[in-house]
Structure formats: C-alpha cells, structure tokens
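What follows is a single structure, written as structure tokens, with notes after it.
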Amino acid sequence: MKRCDAMVDVGRRKFLAGASFAAASAAAATIPITEAKAGPGPARVDYPSNRLANVRDLKVNEPLNVSYPDQDAPGVLLKLGKRVPDGVGPDGDIVGFSTTCPHKGFPLAYNKSDRTLNCPGHYSRFDCEAGGLQVWGQATQNLPQYVLRVDANGDIHAEGVDELLYGRLSNVL
Amino acid sequence: MAYKRQIDRLPIVPKDAKEFNVTCHYCIVGCGYKAYTWPTNKQGGTAADKNKFGADLSKQQPAETANWYAPSMYNIVKQNGEDVHIVIKPDKDCVVNSGLGSVRGARIAEMSYSRQRNTQLQRLTDPMVWRYGQMQPTSWDDALDLVARVTVGVINEMGEDGLFVSAFDHGGAGGGYENTWGTGKLYFGAMKVKNIRIHNRPAYNSEVHATRDMGVGELNNCYEDAELADTIVAVGTNALETQTNYFLNHWVPNLRGASLDKKKAEFGAEPVEQGRIIIVDPRRTVTVNACEVEAGKDRVMHLAINSGSDLALFNAWLTYIADKGWVDKAFIAASTKDFDKAVAANKTSLEEAARITGLTVDQIRQSAEWIAQPKAGGARRRTMFAYEKGLIWGNDNYRTNGALVNVALATGNIGRPGGGCVRMGGHQEGYSRPSDAHVGRPAAYVDRLLIGGKGGVHHIWGCDHYKTTLNAFKFKQAYKKRTDMVKDAMLTAPYGDRPAMVNAILAAIKKGGLFAVDVDIVPTKIGEACHVLLPAATSGEANLTSMNGERRMRLTERYMDPPGQAMPDSLIAARIANHMERVLREQGKAKYADQFKGFDWKTEEDAFMDGYHGHEKGGQFVTYERLRAMGTNGFQEPAVDFKDGKLIGTKRLFADGKFNSKDGKATFMETQWRGLQAPGKEAERKKWPFLINNGRANVVWQNAYLDQDNEFVMDRFPFPFIQMNPQDMAELKLKEGDLVEVYNDNGSTQAIVYPTATAKRKQTFMLFANPNGVQGNVVSPGVNELIIPNYKQTWGAIRKLTDAPEAVRHLSFKSQEFSV
C-alpha cells in the first residue's frame, strides 16, 4: 500500500520520469551515430535492504540508534507502544527516522515525554507519532521516514526512505 | 500520514550553470539566495570538477553545507522560452542570512510556475474578463480598452474621486520600487486619486505615523545592532516566526554570548556581556522559548501584558528612567526637544502601570533597569527597541508607537551602535511614488466608503481585502452585492459590442454598482467579485528592487519567464495609462490626456530609472548594473556615493544626531493612556468571553496566496488554527483539530483548535488572513484617529462546528516549543 502511494505521488509530480532521469539518459548517449541503448532505468534509487535490529531489541519509547542507508546517515528506531502511520511489527508501532535535521543538518534529539525529535540548531521539531510531521520548524520537508519490513524472525529491515536526506543529492551515495 | 515528496535524488547543478542574484521576495528580512539554471538535457556530476560547488558530492555533506539543496529548492521552469532546471538556494555569502533559509524562502523554487512539474498552476496567465457569465481569457488590448473606457467613463461622471484604488506600497513580491513607482505615477502623477488604500489597511497612511512625526524614520538601525545591544526590547514581534533569519542570524548570537568579540572590538573598554532580552507580548510565543533556550531564563524577561496595554508600560518606563536620571542628557539637549513636557504629560507610576498591564511592579522596575540602568563604570546601556504588528495593529497605535520612541530617545539609543528603535517589518520595503499629500490626513476610510456605495470603479493591485481587511464579513457582503450588479448588467450586452457593453456597465454603476479590476499573480478571493483580472509577473520573472529592514537594497535578477502573458505591474500601470490617454484623446479631452504622457516604458528597468533613480534620495547613484555588481549584499540606503566600482550606503540613520525635521531635532511626544482607544472595543471586550488575538505562523507567508497551492503547507494547516487553553477546550467540549466557529457582532469565521498549554485562560490566538478562515471577519470597523485598524484587540465567542475534518486527522497538535 505504501509503495502504491509512493508511485502515485511520483507520477503526479512527473518528477523522475519526466525530468532528471531523461537528462541522465541523454547525457549517457555521447556517441552521436550510435543509437542510445539505455533502456528505461529504475525511476528511483536502489535502496539496500539492511537489517537494523530485531523487534526484541526494542523497548517502548527507548530510541535505538541506527544508520541507513549507510553509516553516514544516522537514524533511530522507535517502538511507540501504539499503532502509528507506517508502523510495522506485531503491534504496528515500530517506526524509523533519519535523525539529521532536513533544515541544516544538525543532529536531532529525542524527547521521550512527547515523542518528538528536536533540533538544537534552529528549534525545529518532528512528531514521531505522526510520520515525522514537522510540528514547527524551518525545514521544508517532513522528517524522512524509513520503509521498514519485519521478517518471520522479527528482524527489522529498512528498505527505503520517503524524503531526500540532508547533505546528499541522492539518498544512496 | 504526513506529506512526503518521495523524492530521493535531485539533478546536480553543473559547473557551467548560470547564476543569478536573488533576494527572497517574502518577508522584510530579504535573505540572499542564488538561482542556478541549466538546460534540461544536461546535468552536473558528483566529482568536484563536475559541479557548481567544486565539492565531492559522492560524500555525505556536513551540517550547514552550501553544497546541498532540498527538493523544495528545485524546479523546472521556462527561461527565454526554453525549459531549464532551476535551483534556488540560500547564499552563504549574504550577510543577512549567512546561508540560512527559512521555511518560506527555501521554497521559492517550488513556489514558481512550472507546467513541467505542476507547481503554482494557479497563476494567472492571461487577462480575463467577465464574459457570458464567467471569467474568460482575452488579449491585453481588449482588457485594457475595457478598463480604460469604464475608468474614463466613471471619471467623466464622478471625477477622479469615483476611481477607488487598493494598492501595495511595499517591496518584495507584489511590490518593489519599479511597481510602486508605476502605480504611483499613474494614480498620484497622471491623476490625483484620493480614495486609495494599502494592501493591509483601509486607508492610505503610514502604519508608524508617530515615529515619523517625531522625526525618527522607523528603519534606523542595522541588523548588526542586534548583535551589539546589551538589551533587546521586542514589542509585539514574534521574530523567530516572522523575521526568522534576522532572529537566528543576528539576535541568537547575542543571546548565546557568541557576539562578545564583536562587542569588544566595537566598544573597547566598555563593559560588555551576553545579551538580555525583554519581550512584550500577551502570548508566550516560540520566540520566548528560543530566547530562554539560548540566553537562559534569567536573561529573558517575558512581559505578558494585558492585551493592548503596552502604552502604560512604556510611559512607566519613561517615568522611572527619568526619575532615576538614567537618561542621555547630552543627547537630549543636542538632538531633541520637548523632553520635559513629555515626561510631565506621560507620568505613570509603576503601580499604576502594574494595574493596567497586569504585570507586577517588580517586573516593570526590573525591565526598566535592563533598559537603562548604567553599566559598570557608568557607561550607557545599549538597548535596541524593535516592534511590529502587536504594536502597529494594536490598541492606540499612534500614541503607543510614540511612547516607545520616547524611551529610545530618552536613553540615547537612536543612531548609535547596539541601539535603534525600529519596526521589524512585514514585507520588504520598496516605496517610490510622487507626493501623496493630496490624499490628506486623516486619509479617506476607503472600506467604509465602498461599503457605503461610493465610487464607481475599483482598481486592485496585489491586495485581497476579503482576507486581509478589518470588518471583512460586512465588506464582502457589500462588495459582492455591488459588483454583482455590474456582472448582471454585463450579461445584457454582447461582449463584442464595446459601446453597448460600456454603457451597460456605466448604467449599473449609476445604480450603485461597482466595476472591479484586479491586478494579481493568482486568483484571489476578492478577484471572485471582479470583472477584469490582469496577470502580473512576480519577483524573478522580472527584475525587481527592494530594501530590507536595515534598508539593504538589492536587485533580484530575472531568472525565469512570467507565466503566459503576465507582465510586471510597472508595465501594466504604464499600459493602463497609455490606454486612458488614447480614450481621452478620442473623447476630445486633449489636456487631460496629456497628463498620461510619460508612460512609454518598455521594460521594468525603464520604470526604475524614471522612478527610483530619478526621484529617490541617493537614487542618482543607483542603476541595475551597479546593483547587479553589488550581489546579494547590495548596499544600505540611502546611497551616498559610487566609488571604486561600489555603491556606498548608510549603515545607520541619524548617526550624526540630526533627525528628520526642519531643525534636525527629534521631538518627544505626549502619549497619555486612554484605555482601549478604538470605538466599540471596550464594549466588545465586556460582551464576549474570548480574546481572539491573531497573527502569523512560521510556515505560511502572508495571506497564503502562493501557499494555498503548496502541498507541504496545506498539509500542515489546511485550515487556520486557533490556539486555546486546554481547560477552555474542556469547558466547550472541544478536542484537538475540531473545526470551530469564532463569532461576534462583526461576523463569523472558522478555525481548527490547537490545544496550547501556555495559552492564558480565555485568550486565544488565531492565524491571520487565511483563505480558509478569515480572522478579519470578526474584527470590528473601529480604527484610530489616522484610520489604522486594530486587529489584535478582538473579542468573540467560540462554538463547535464539527469534529476534525479528514484533512486534519493526521496532523500533530503537540507543543510548538523546542524541548529536549
């Protein structure tokens, strides 16, 4: 369901299909007389499927530091104790977010009392129970949230991110 | 689910991308940006030699990097008819914002017209006319001919007083020197239009009459003064949300103690320390919170006064400071007059002020000490006074403004480093017009005249009274009725029969109808009542000059095409003048027609040279070419020279102790307290249970004219919010997100409830000027003696309309205050 929504959104904005990817294909065709063979490539970057933790590792409202999609992209896994948007696991309450503020890249701090991630740089705050919605702040994006999958063993895998991460022009470097 | 763009990579700006100077066209601060454009079939690479930043973009970039841009900073637009990629990102080298982007400015690219990426498709692309019962596209010549014939017809019948005008007077988008001059030359040069008002108030007047009457221009300091001050006094300004990067880049360093080196360098042996701040605001804002986070609670004083009682506080400050002898005697003697008179007239004891304001005597005394008690060794305390809509749109505007300037003058804080008594500002400034002296003082209360059936034709420039005026509910009812009369009359003649059409319109006007012409960039709420819509270009689609809150003037270069047939306002004004001249000649009125000469501008630069360059103080030094070379830092007005390829400006006004008066002296003002000044306000306060305080939110710019078509903003606030104390909510059986009606005798409107623990009982705060719930609907018509509205002191009742609508259910209603 999540992925369907994502594709609808991409299609509506005609973003990658219409513009940048076309540009990439064009740039690749450098020999004029050779017909460009580049077929339609993936519209989005290929995300790794990374095991971040097991559901047993998580305690309600105790943030677990993780990184995704690579070591330079810090994030957090949270078990919120109540079903939330895009929450996974047996209780639908496990979510993961980037902890780099999408405004100026400062590290976010978790506030246990109201389950928000807060930025000491310019006071932005994001609601972990509302899909990373910016409660108040300077960022022009809501907080990038992980696409998570829990397998039969309870291992939690991250397999995508729903917004551009701060400090990189491609989520997968 | 929170709105997500699902964008996981962006095209990279290539090394050879074109670069343009951009000043953010939203708020007064005017942050510096750069626009980069390049052809759609090209892109840069991650290698350092393949991108504009010379950086290895295959690596994660650190915090505050200049080598990253958010999806909101990217788009595809037309430039000289070709599709180009565009990135508009904050400029690290601009001294105003040092690379910071606000939640508004960092969306400039996304808020641009793009048929390729479906952004801002609401923009007006063609002149539109009321034809066959709806708005239909037409040519410029056709639309302007109709406008000119009806306008001339009305003037023939009623004189120029039959022509009503609503026009922006500011800089940035929907304004700027070119466009204020274009409209000004038309209405104050070619004509002498008297029934004219400004975008956010019902008359043609200054919002800060008092300070000007005292000889103290309101933008008299520089942003660096906020870094140098010992104490900042912030009155009715929520700077973190509404002048964001001024606050973040210039106030916060002082509050953190990070500007100490700068203070030492500037002031030598004078004792300096981390800054303090006094915030006068009935409401606890995120600004108060941020100041406490940075400076510590012991260096922040939040004076949560009774709404509208500022004047009593300022008079008490003046009285106490004068009694203590903490005044700048030498400055008062050399540069001012009427000090003793004002001190005597305004005498207010701490106890009396405490009773009126609801503060304690200690709070008032301590705040006076923070303002004026000499520092160790007897050095004068440097205090900067900043005020905005809480004062400007609050009780007794004129006297309250004067009372604050009194304190600044008495303490010698104008024209000195670390001082100033300034308005914070809303839009940027950009005023250049022929004299408005014929308008008179007080100026005509235009809204009331329109409601009362006066005038025959109304030209509207970038204003939306339906959203941004007082008494808006009744205004809309009267305006719709009058403009509908003309709409109905227009259905009685074939559109192509111009004489019959003009006759039908003029006949309807004689019966009380009103013909309305709306010049704007998007369809507005008042535009729904209009008969002609004329599409304007905005900042970046035309070259545009403005100045910010420290008088810093920059040129935003044209980096993209306007949508469709849209033109800069300056040229629309010129073309209206051309058509009026033609119609007048046709009617044999050659002498009057001659007044409309001088509008043969081909470009916005022609308007700039005719207006700012030819008429403004220091304008003779300023040209587009010179401004372009000054980049995003520009210079501070007025220009005093052009030397070594640079425009030389003025860092602070009145640094020589000479003020704007014949004798060069500033005048203290008598400003006695007189309760709630605007007629009807005191009765309203007694009758209704809730204060409906109102103002802005960080994420929304102005009346949301662009934001209403932005998913990120509309996802966050599909309706205006009203902050309420949770106990008040419980009494009314309200839950977070419920849609409520706010009502009183003036009208009614709607908002969603945002529980706010810090809100005082019975004191709410509603988002102002929102298209989906107009706060102005419940604001009374009461104004001050110079026709300044009082939006802030409004009282009403609240009742539930419905549970949270679907668009609201996924939202967060947690506290907006940063906390860890």
Side-chain angles (χ1 to χ4, degrees), chain A residues 5-6 9-10 12-16 18-20 22-24 26-27 44-45 72-73 85-86 102-106 109 111 113-114 116 118-125 127 129-143 145 161-164 166-173, chain B residues 1-12 40-43 46 57-65 67-73 76 85 99-103 106-107 110 116-118 240-241 244 248 286 289-290 293 698-699 712 715-716 810-820:
Chain A
D5 286 347
D9 208 40
V10 167
R12 186 161 57 88
R13 296 200 146 245
K14 295 185 195 169
F15 176 63
L16 290 163
S20 69
R44 308 194 66 185
V45 302
D72 291 332
D86 288 344
H103 174 229
K104 296 304 282 183
F106 287 76
N111 179 335
S113 67
D114 73 353
T116 54
N118 288 257
C119 181
H122 310 95
Y123 329 113
S124 303
R125 59 199 328 257
D127 190 344
E129 295 179 315
L133 188 92
Q134 184 169 241
V135 180
W136 186 93
Q138 312 304 338
T140 54
Q141 296 164 252
N142 293 310
L143 193 60
Q145 182 170 0
V161 180
D162 61 7
E163 273 281 6
L164 191 66
Y166 182 88
R168 44 178 75 190
L169 293 173
S170 172
N171 273 351
V172 177
L173 292 171
Chain B
M1 179 65 196
Y3 167 72
K4 298 290 173 72
R5 292 183 182 81
Q6 302 292 348
I7 286 176
D8 49 19
R9 63 177 168 182
L10 287 173
I12 294 172
T40 44
N41 62 343
K42 303 273 196 264
Q43 63 179 343
T46 53
L57 298 179
S58 69
K59 302 262 181 352
Q60 169 74 32
Q61 304 297 307
E64 299 186 291
T65 180
N67 309 327
W68 183 77
Y69 33 97
S72 63
M73 301 178 198
I76 297 175
H85 296 280
L100 286 171
S102 76
V103 67
R107 288 185 286 116
E110 184 176 80
Q116 298 76 6
R117 294 186 70 240
N118 302 335
L240 175 56
E241 295 203 74
T244 304
L248 292 175
V286 289
N289 178 58
V293 167
N698 197 42
V699 71
F712 175 73
D715 176 69
R716 182 70 187 100
H810 68 289
L811 295 184
S812 175
F813 291 95
K814 291 180 179 171
S815 166
Q816 301 190 357
E817 293 192 10
F818 167 85
S819 83
V820 286

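Throughout, a chain's letter reflects where its sequence line sits, starting with A, and its residues are numbered from 1. Computed over heavy atoms, backbone and side chain alike; hydrogens, waters and symmetry mates excluded.
At distances below 3.5 Å, not a single donor-acceptor pair connects side-chain atoms of A:N118 with backbone N or O atoms of B:V820. Between the B:R107 side chain and the A:T140 main chain, no donor and acceptor come within less than 3.5 Å of each other.
Per-residue heavy-atom pair counts under 4.5 Å with chain B were compared for A:C119, A:S113, A:P102, and the maximum is reached by A:C119. Contact count against chain A (heavy-atom pairs under 4.5 Å) is highest for B:S812 among B:S72, B:S812, B:G101. Taking B:T65, B:N698, B:T244, B:N289 one by one and counting their heavy-atom pairs under 4.5 Å with chain A, the maximum is reached by B:N698. For chain B, the option among A:V161, A:L143, A:L169, A:T116 with the highest count of heavy-atom pairs below 4.5 Å is A:L169. In terms of heavy-atom pairs under 4.5 angstrom with chain B, the leader among A:D72, A:N111, A:V135, A:N171 is A:V135. In terms of heavy-atom pairs under 4.5 angstrom with chain A, the leader among B:T46, B:L57, B:I12, B:V286 is B:V286. Contact count against chain B (heavy-atom pairs under 4.5 Å) is highest for A:R125 among A:R125, A:H103, A:K104.
Salt bridge annotation for B:K814-A:D114: absent, with no cationic side-chain nitrogen under 4.0 angstrom from a carboxylate oxygen.
For B:V699, no part lies under 4.5 angstrom from a heavy atom of chain A. Only the backbone of B:S58 comes within contact range of chain A, judged by heavy atoms closer than 4.5 Å. Residue B:D715 touches chain A through its side chain alone, counting heavy-atom pairs closer than 4.5 Å.
In this structure, the separation between CD on A:Q134 and OH on B:Y3 is 13.5 Å, given to the nearest 0.5 Å. The CD atom of B:Q60 sits 6.5 Å away from atom CG of A:L173, with the distance rounded to the nearest 0.5 Å. Of the inter-residue distances, the one linking B:Q6 atom CD with A:L164 atom CG reads 12.0 Å to the nearest 0.5 angstrom. Taken to the nearest 0.5 Å, the CZ atom of B:R716 stands 5.0 Å off from the CG atom of A:L133.
Residues A:G131 and B:A2 share a closest heavy-atom pair of O-CB, 3.8 Å. What you find for A:E163 and B:P71 is that their closest heavy atoms are OE1-CG, 4.3 Å. Of all heavy-atom pairs spanning A:A139 and B:V103, the tightest one is O-CG2, 3.2 Å.
Under the 4.5 Å side-chain criterion, counting only non-hydrogen atoms from C-beta, B:L240 is in contact with A:W136. Counting only heavy atoms from C-beta outward, the side chains of A:Q141 and B:R5 approach each other to under 4.5 Å.
The aromatic rings of B:W68 and A:Y166 sit tilted relative to each other, their planes meeting at an angle between 30° and 60°.
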task = Walk me through it: do B:L100 and A:H122 pass the test side-chain contact (heavy atoms from CB on, under 4.5 Å)?
result = CA-CA 10 Å; B:L100 286 171; A:H122 310 95; 3.4 Å; yes

request  = Could you give me the CA-CA distance, side-chain angles and deciding distance for B:E817 and A:Y123, then say whether side-chain contact (heavy atoms from CB on, under 4.5 Å) is met?
outcome  = CA-CA 8 Å; B:E817 293 192 10; A:Y123 329 113; over 6 Å; no

